[in-house]
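Counting convention: from 1, in listed order, for ligands and their atoms alike. Computed from heavy atoms alone, side chains included, the values below leave out hydrogens, waters and symmetry copies.
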Amino acid sequence: MTDQPMDITRVGIIGAGQMGNGIAHVCALAGIPVVLLDADAEALPRALAAIAKNLDRQVTRGNVTQDARDAALARIATAADYAAFAECDLVIEAATEREEIKKAIFKQLVPQLSPHALIATNTSSISITRLGAGTDRPGKFIGMHFMNPVPVMKLVEIIRGIATDEATFQAIAALAKRLNKTIAVSEDFPAFIVNRILVPMINEAVYALYEGVGSVVAIDTALKLGANHPMGPLELADFIGLDTCLSIMQVLHEGLADSKYRPCPLLVKYVEAGWLGRKSGRGFYDYSQTPPMPTR
Ligand code: CAA
């Protein structure tokens with residue numbers, strides 16, 4: 001083994017939702033060919049359109065040239081079958097935040113991979129050790145947690161499972177640097193660093209709404225102007241997805257067995273109603289109107 005981290009020349013991405021398309025965007029822009037796969041074939045053209053739109057936004061702002069935009073888009077291939085990952089040095093899983101879904105994906109993925117290939121999961125809360133143990137290569141398995149919107153947010157959290165090799169860590173840290181991201185290394189505890197702190201704050205904002213401490217607008221204005229947050233916590237919850245926020249609270253509640261992580265019943269109710277935030281058109285705001293209307 002050399003001291004040089006493994007060079008990643010082709011990346012596979014599983015899941016073409018907002019995280020998967022953001023990861024594809026930044027990899028392609030950094031010059032790395034990408035293969036993007038989703039269980040829902042219709043998600044793939046939607047993802048390509050979203051990537052094109054976000055690249056256009058960067059071109060308009062003068063952050064990316066038209067040529068770089070075109071070259072990035074040309075580096076993204078879509079696939080319907082895991083066999084398309086055979087030539088990848090790394091596959092990043094960015095599917096729905098549910099453990100059984102991720103485990104089923106890894107089961108289908110590993111027989112198709114080259115023996116040297118690494119697997120990273122973009123899970124925002126689930127144990128890397130447990131997910132890695134369900135694959136044939138726990139030493140080559142790691143957490144690589146991007147923030148939304150991926151092209152804008154500077155951070156990538158890197159989480160080693162108990163069995164993750166040093167060479168895997170070095171390769172992923174080098175990739176993050178190539179993507180122009182700063183890393184924060186977290187131990188493998190429920191929800192890692194960002195979501196351990198951020199999502200209980202969002203849950204507390206939902207409690208404040210539930211208990212009538214303030215309206216949606218009052219709570220968001222208070223945190224935006226009172227704490228200089230770019231978005232209020234309820235607006236941010238809608239942006240992340242209320243289902244994702246709830247599942248992170250459940251992982252914290254179960255994993256740390258502390259009642260302080262109890263998901264707010266109002267958050268549970270919104271998710272049960274299918275009010276998942278921006279992606280479903282309604283959460284704490286109603287997105288069918290411009291500007292979005294607060295719902296409480
Ligand atoms: N792709 C590319 N560029 C984008 C983009 C996207 N999807 N979204 C925004 N941008 C760019 C814009 O082009 C603009 O670029 P310039 O600064 O060069 O002009 C910049 O980002 C700001 O965008 P806007 O002017 O449109 O909007 P804004 O100033 O209101 O910022 C925001 C939008 C960056 C999303 C800002 O509101 C923000 O930082 N919000 C908080 C986001 C946050 O906390 N994310 C973490 C969520 S937690 C997470 O992701 C972890 C998890 O597991 C749940």
Side-chain angles (χ1 to χ4, degrees), residues 15-30 46-65 68-69 72-73 76 92-98 102 120-126 128 143-159 179-184 186 189-203 205 220-221 223-225 227-252 263 267 271 276-279 283 285 290-292:
Q18 60 185 2
M19 296 310 290
N21 81 47
I23 298 167
H25 175 138
V26 294
C27 288
L29 207 48
R46 270 205 308 272
L48 291 178
I51 295 168
K53 187 168 146 236
N54 288 329
L55 283 165
D56 287 341
R57 188 168 7 186
Q58 291 175 301
V59 172
T60 307
R61 308 267 181 152
N63 298 330
V64 168
T65 65
R69 172 229 184 251
L73 274 181
I76 303 173
I92 304 175
E93 172 275 318
T96 304
E97 189 64 0
R98 295 237 310 271
K102 292 185 188 293
T121 170
N122 183 56
T123 179
S124 46
S125 60
I126 302 167
I128 304 304
M144 186 177 197
H145 182 214
F146 290 83
M147 306 295 133
N148 188 21
V150 179
V152 180
M153 304 298 282
K154 296 295 295 175
L155 185 76
V156 171
E157 272 183 301
I158 300 187
I159 311 102
L179 302 180
N180 203 18
K181 303 295 184 193
T182 299
I183 64 168
S186 171
F189 279 88
F192 319 128
I193 296 173
V194 171
N195 287 333
R196 167 87 177 250
I197 298 167
L198 182 67
V199 182
M201 182 202 70
I202 288 173
N203 193 50
D220 276 351
T221 304
L223 269 289
K224 269 197 285 200
L225 302 186
N228 251 2
H229 289 190
M231 287 177 169
L234 300 172
E235 187 188 356
L236 182 57
D238 279 358
F239 182 67
I240 293 170
L242 302 193
D243 51 343
T244 301
C245 292
L246 176 60
S247 93
I248 294 169
M249 285 311 296
Q250 285 164 339
V251 166
L252 283 167
L267 178 63
V271 172
L276 306 181
R278 278 199 203 182
K279 64 183 166 191
Y285 293 82
T290 315

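- Between the Glu97 side chain and the Ser125 main chain, a donor and an acceptor come within less than 3.5 Å of each other.
- In this structure a side-chain-to-backbone donor-acceptor pair under 3.5 Å is present from Asn54 to Ala50.
- Sequence neighbours left out, the pairs with a member in residues 240-252 that pass side chain to side chain donor-acceptor pair (under 3.5 Å) are Asp243-Lys279.
- Each of Asn54, Arg57, Arg61, Asn63, Ser124, His145, Met147, Asn148, Pro149, Pro151, Val152, Met153, Asn195, Leu198, Pro230, Met231, Leu236, Ile240 has a non-hydrogen atom positioned under 4.0 Å from some atom of ligand 1.
- Of the possible donor and acceptor atoms, one in the side chain of Asp238 sits under 3.5 Å from a partner among the backbone N and O of Tyr285.
- Among all heavy-atom pairs drawn from Pro200 and Asn195, the shortest one is CD-O, 3.2 Å.
- Put simply, the side chain of Lys181 never gets that close to the backbone of Glu157: no donor and acceptor are under 3.5 Å apart.
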